[in-house]
Amino acid sequence: MPEVLTTVTMTVNGQRVARSIEPRVLLVHFLREELGLTGTHVGCDTSQCGACTVLLDGEAVKACTVLAVQAHGATVTTIEGLEGTRLHPVQEGFWAKHGLQCGFCTPGAMMTAAYLLSQNPHPSEAEIREGLDGVVCRCTGYETIVRAVQHAAALMSEVSETSGAEDVD
Ligand code: FES
Ligand code: FES
């Protein structure tokens, strides 16, 4: 049987891309193997760990649970696209508060945190923990990740007070 290919187009990190792929290809594999965006990690491939989290039309999704064809026409942001002209506050937070050790969960944790803060700029600690409960981290014990997100929230708040929220990418 010849392979049946379908063409998908989407905008990834601001760039329009088009590829002919098998319809069964998952978004996470599309990003990593077709586009070379290996910052999106694969931990479990079964929607348990959150390492593959990206933003799909602004919503945090586990890219191992989405077919690439389901993202046809959509806008996708991966960890490679998180920073703009400077580090995203979430990246600054993880750096400042040592929110990572081995780094395996980090891209997914950062994308999840960025989504959380886009929905709730001033989360309580409980809301941060709840927002990140789809992210499994084997290293940090989560404390430094929570502090990183709190730091990011404070930075975003400072920026919006001094120069407007549009300065935060
Ligand atoms: Fe997608 Fe684990 S690789 S949730
Ligand atoms: Fe190692 Fe989270 S930093 S799994």
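Both backbone and side-chain heavy atoms feed into the values below; hydrogens, waters and symmetry mates do not. This one's a predicted model, so the numbers in the text were calculated from it and none came from an experiment. Along the sequence shown, residues carry numbers from 1. Just so you know, ligand 1 is whichever comes first in the structure, and atom 1 is the first atom listed for that ligand.
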Audit row: R129, E143, salt bridge (Lys or Arg N to Asp or Glu O under 4.0 Å) steps and yes/no
CA-CA 9 Å; R129 289 182 183 277; E143 284 300 322; 2.8 Å; yes
Metal-centred angle, atom 1 (Fe) of ligand 1 as apex - SG of C64, SG of C52, 10° resolution:
110°
Any atoms of ligand 2 less than 4.0 Å from a non-hydrogen atom of G103? List them with their elements.
1 (Fe), 3 (S)
Atom 2 (Fe) of ligand 2 reached by C137 (N, O or S, under 2.8 Å)
yes
Regarding C139, does it place an N, O or S atom less than 2.8 Å from atom 2 (Fe) of ligand 2?
no
For [X], counting its heavy atoms only, list the atoms of ligand 1 lying under 4.0 Å from any of them.
X	result
D45	2 (Fe), 3 (S)
Q48	4 (S)
G43	3 (S)
G50	2 (Fe), 4 (S)
S47	4 (S)

Which heavy atom of [X] sits nearest a heavy atom of [Y], and at what distance?
X	Y	answer
A113	L132	N-CD2, 4.1 Å
V146	E125	CG1-CG, 3.8 Å
Y115	L55	CB-CD2, 3.8 Å

Is it the side chain (CB and beyond), the backbone, both or neither of V28 that lies under 4.0 Å from ligand 1, heavy atoms counted?
neither
Are M111 and L56 connected in the hydrophobic side-chain network, where two residues link if heavy atoms are under 4.5 Å apart?
no
Name the closest protein heavy atom to atom 4 (S) of ligand 2, giving the residue it belongs to and the distance to 0.1 Å.
R138 N, 3.3 Å
Any idea which protein heavy atom is nearest atom 3 (S) of ligand 2, and the distance to it?
Q101 N, 3.2 Å
Rounded distance (nearest 0.5 Å) linking atom CG of L100 with atom CD of Q91
11.0 Å
Mind reading off the angle at atom 2 (Fe) of ligand 1 between the SG atom of C44 and the SG atom of C49, rounded to 10°?
110°
Answer yes if the side chains of T40 and T78 hold a donor-acceptor pair under 3.5 Å, and no otherwise.
no
Heavy-atom side-chain proximity of M10 to T75 below 4.5 angstrom:
no
Taking the side chain as every heavy atom from C-beta outward, state whether V17 and T9 have any atom pair closer than 4.5 Å.
no
